[in-house]
Structures are given as structure tokens and as C-alpha cells.
Amino acid sequence: GSSVQVYGGRFAGISVTPCGAVVGIANAVLVATTTADQDGRIELSLALPPRVAGVAALLQTVEPSGCLVGELRSQQLQ
């Protein structure tokens, strides 16, 4: 599997990652780095403070070796 970076934020916009990839998240923050499986899927588990429960977050992946950008996803935090 390939190394994948997961970027997140609350609002749509434009951010540029260190490899030069453009993600659709304003002020995107690197949330995690993980490895994709054979099908290109990742599983992400984070410990979040209770105050963010119910907040909608935007997440987008980048494969830094090829600077490839994944689909922009919205996730309701629980």
C-alpha cells in the first residue's frame, strides 16, 4: 500500500500541501499519515474532544509520492 496523508478542516476553500497538491479545504491541517490497503482504502480512528461532537468536518487524502489528490469527503464527527 501507498503512504497517504489525510488533510482536514471545517470549511471549503483552497489549500496547497507540501508536495504542491491542491485540496478543497480552507486552511487544511494534516490530520494523519497512514497506509492504504491494496484497494486504496484507509481506516482512520482519532480521539477527539467532546466539544467537536456533531461538527461536520471536511477530509481529503493526498498520496505525496505522486501528489495525487483523493475525493473531498464530509464527515459528521461523533
Kindly work out whether a path of hydrophobic side-chain contacts (I/L/V/M/F/W/Y, heavy atoms less than 4.5 Å apart) joins V31 to L48. yes
If I compare all heavy atoms of V23 with all of A28, which pair ends up nearest, and what's the gap? CG2-CB, 3.9 Å
Return yes when atom CD of Q76 has more than 12 non-hydrogen atoms of other residues, nucleotides or ligands closer than 6.0 Å, and no otherwise. yes
Looking at every non-hydrogen atom in both residues, tell me the closest pair between A26 and S15 and how far apart they are. C-OG, 3.7 Å
I'd like to know if L30 and L46 are part of one continuous hydrophobic network [Ile/Leu/Val/Met/Phe/Trp/Tyr, side-chain heavy atoms within less than 4.5 Å]. no
If we only count heavy atoms from C-beta on, is the V69 to V22 side-chain gap below 4.5 Å? no
In the structure I gave you, are the side-chain heavy atoms of L72 and I25 within less than 4.5 Å of one another anywhere? yes
Heavy atoms only: give me the nearest T33-Q5 pair and the separation to one decimal. OG1-CG, 4.0 Å
Same cluster for V16 and Y7 if Ile/Leu/Val/Met/Phe/Trp/Tyr side chains link at under 4.5 Å? no
Interatomic distance, SG@C19 vs CG@L68, rounded to 0.5 Å, equals 8.5 Å
Heavy-atom closest pair, residues P64 and S3: CD-O, 3.4 Å
For G8 against L59, the heavy-atom pair lying closest together: CA-CD2, 3.9 Å
Of all the heavy-atom pairs spanning Q60 and G70, show the shortest one and how long it is. NE2-O, 2.8 Å
Lys/Arg-Asp/Glu bridge criterion (N-O < 4.0 Å) met for R41, E43: no
Taking V4 as the starting point, is it possible to reach L44 by hopping between hydrophobic residues whose side chains are less than 4.5 Å apart? yes
